[in-house]
Amino acid sequence: MTVTDIQSQLQELQTEASRAIASTTTLGELEQLRINYLGKKGELSQILRGMGKLSAEERPKIGALANDVKDILQNSLDQKLQELQQAEIAAKLANETLDVTMQGVSRPLGKIHPLNSTIDKVLDIFVGLGYTLAEGPQIETDYYNFEALNTPPDHPARDMQDTFYLPGGNLLRTHTSSVQIRYMEQHEPPIRIVAPGRVYRRDTVDATHSAVFHQVELLAIDKGLTFTDLKGTIREFIRQMFGDDLPIQFRASYFPFTEPSAEVDVQWKGKWLEVMGCGMVDPNVLKAVGYDPEIYTGFAAGFGVERFAMVLHQIDDIRRLYNSDLRFLNQF
Ligand code: DAH
């Protein structure tokens with residue numbers, strides 16, 4: 001191996017390596033080139049191995065040339081490395097660019113149905129007053145819907161509520177008062193419950209009547225509860241539901257399961273509007289669940305949710321609440 005051989009080998013290496021480095025497109029490839037050309041067992045080292053046979057004067061010449069080649073290639077590698085790294089960052093940035101002017105996907109938000117929001121509001125108020133949520137079945141027995149509520153089979157009050165009877169003798173509950181009995185059977189006083197639910201009556205459907213509607217029932221049993229407690233509770237409820245200063249009146253009425261009984265009217269847009277029935281729990285009802293009426297007294301109330309929702313939202317026809325018409329529902 002002569003000096004000129006080695007020199008031309010080195011030149012060739014430089015040319016070939018420079019071209020290879022220039023045409024590299026990935027960082028991985030570039031690293032591979034560095035190893036191939038400048039690595040410990042790379043081509044440059046291999047060429048230099050031939051130096052052993054050269055004379056003492058020739059060696060430094062080749063050494064200097066080899067160093068030059070090495071520097072030049074190292075420079076190209078460094079430069080290319082920077083280039084590729086920058087290109088990589090630029091590509092990444094371009095990829096992650098967010099086009100804020102692009103059309104978005106609009107997902108319509110659901111809303112709470114006015115009946116549910118009314119029930120929620122009622123429950124919030126009573127839970128705030130210390131009441132517990134209770135529920136009962138919609139398919140009831142005659143016992144829970146009537147009998148235990150002091151309404152025996154021949155009682156004229158049964159005519160007040162036209163009942164859907166089911167084959168086999170059960171019925172669709174006509175009011176949530178049945179939950180009173182079920183709850184008292186399972187619990188000892190003191191009791192304070194609020195019981196929302198669906199009820200059924202054989203009413204002809206019109207603007208103010210529906211065969212299916214919703215009620216909320218209230219029951220409080222304790223030692224020493226009086227009609228004053230009932231009035232105070234109802235007043236506070238109406239105040240929170242409809243706002244301050246709404247005139248309300250208690251009007252004597254009749255329900256089989258309360259004695260005395262009353263209906264509550266609120267003055268709404270210049271008219272007295274009947275909104276609920278209530279009264280002191282009849283001793284017969286307390287006896288039916290095994291409570292001693294000499295020790296415990298209580299009050300109960302019940303009202304229709306649709307009526308409340310219609311008053312609160314000025315809805316003119318009860319059927320709108322069941323039609324699932326988005327033009328109506330979107331207003332809430
Ligand atoms: N259950 C009665 C109805 O559906 C409403 C009612 C009146 C409930 C008086 C009560 C009450 O708890 O004390 O018409």
Side-chain angles (χ1 to χ4, degrees), residues 119 122-123 126 129 131-138 140 142-151 155-164 171-184 191-203 208-222 225-235 237-238 248-266 273-286 288-289 291 293 296-308 318:
I119 291 175
V122 170
L123 296 182
F126 282 114
L129 293 172
Y131 284 68
T132 300
L133 183 71
E135 280 177 309
Q138 294 175 37
E140 264 301 3
D142 186 274
Y143 179 77
Y144 288 108
N145 197 79
F146 291 122
E147 189 114 23
L149 286 161
N150 198 32
T151 319
H155 199 288
R158 288 199 178 204
D159 297 343
M160 288 161 66
Q161 304 179 354
D162 265 329
T163 311
F164 284 113
L171 49 83
L172 296 178
R173 69 178 176 195
T174 58
H175 53 184
T176 44
S177 301
S178 52
V179 183
Q180 292 187 25
I181 305 299
R182 288 191 174 271
Y183 194 88
M184 287 191 284
I191 280 174
R192 274 167 186 67
I193 54 163
V194 56
R198 194 166 285 182
V199 300
Y200 302 83
R201 290 193 198 169
R202 293 178 36 168
D203 273 328
T208 53
H209 292 85
S210 166
V212 185
F213 60 103
H214 299 77
Q215 288 189 333
V216 176
E217 192 80 15
L218 205 67
L219 176 70
I221 307 284
D222 210 335
L225 284 182
T226 68
F227 203 88
T228 307
D229 298 303
L230 166 60
K231 285 180 81 174
T233 304
I234 299 299
R235 267 184 199 287
F237 165 62
I238 297 286
I248 82 172
Q249 69 181 12
F250 288 78
R251 186 166 35 77
S253 184
Y254 171 80
F255 297 101
F257 28 89
T258 45
E259 181 59 35
S261 304
E263 277 172 292
V264 181
D265 303 331
V266 302
L273 192 74
E274 174 204 321
V275 292
M276 65 168 83
C278 61
M280 300 307 290
V281 177
D282 194 289
N284 286 340
V285 173
L286 297 176
V289 296
Y291 290 1
Y296 294 108
T297 56
F299 60 81
F303 57 86
V305 177
E306 278 77 355
R307 170 58 81 75
F308 271 45
I318 196 171

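Just so you know, ligand 1 is whichever comes first in the structure, and atom 1 is the first atom listed for that ligand. Positions are given from 1 along the sequence.
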Nearest candidate to atom 9 (C) of ligand 1, where distance is taken over non-hydrogen atoms, out of Gly279, Gly277, Ala301: Gly277
Short question: side chain of Asp265, backbone of Arg251 - any donor-acceptor pair under 3.5 Å? no
For Gln215, the ligand 1 atoms with a heavy-atom partner under 4.0 Å come out as 3 (C), 4 (O)
Are any of the N/O atoms on His175, whether in the backbone or the side chain, positioned under 3.5 angstrom from an N/O atom of ligand 1? yes
Which option wins on minimum heavy-atom distance to atom 3 (C) of ligand 1: Gln180, Met276, Arg201? Arg201
Specify whether Phe126 and Tyr131 have parallel, tilted or perpendicular ring planes, treating 30° as the upper limit for parallel and 60° as the lower limit for perpendicular. perpendicular
For Thr258, the atoms of ligand 1 under 4.0 Å from one of its heavy atoms are 13 (O)
Where do Phe255 and His175 land on the ring pair (Phe, Tyr, Trp, His ring centres under 6.0 Å) test, with the steps shown first? CA-CA 12 Å; Phe255 297 101; His175 53 184; 9.3 Å; no
Atoms in ligand 1 with a heavy atom of Ser177 nearer than 4.0 Å: 1 (N), 8 (C)
Would you mind running through ligand 1 and noting each atom that sits below 4.0 Å from a heavy atom of Phe255? 7 (C), 9 (C)
Look at ligand 1 and say whether Phe257 reaches it with a heavy atom at a distance under 4.0 Å. yes
Taking Thr228 for the side chain and Thr226 for the main chain, is one N or O donor matched with an acceptor at less than 3.5 Å? no
Please answer whether the main-chain N or O of Gly302 pairs with a side-chain N or O of Gln215 as donor and acceptor at a distance below 3.5 Å. no
Classify the ring geometry of Phe227 against Phe250: parallel below 30°, tilted from 30° to 60°, perpendicular beyond 60°. perpendicular
Does the cation-pi check pass for Arg173 over Tyr144, that is, NZ or CZ under 6.0 Å from the six-membered ring centre and within 45° of its axis? no
Below the 3.5 angstrom mark, is there an N/O of Ala300, backbone or side chain, next to an N/O of ligand 1? yes
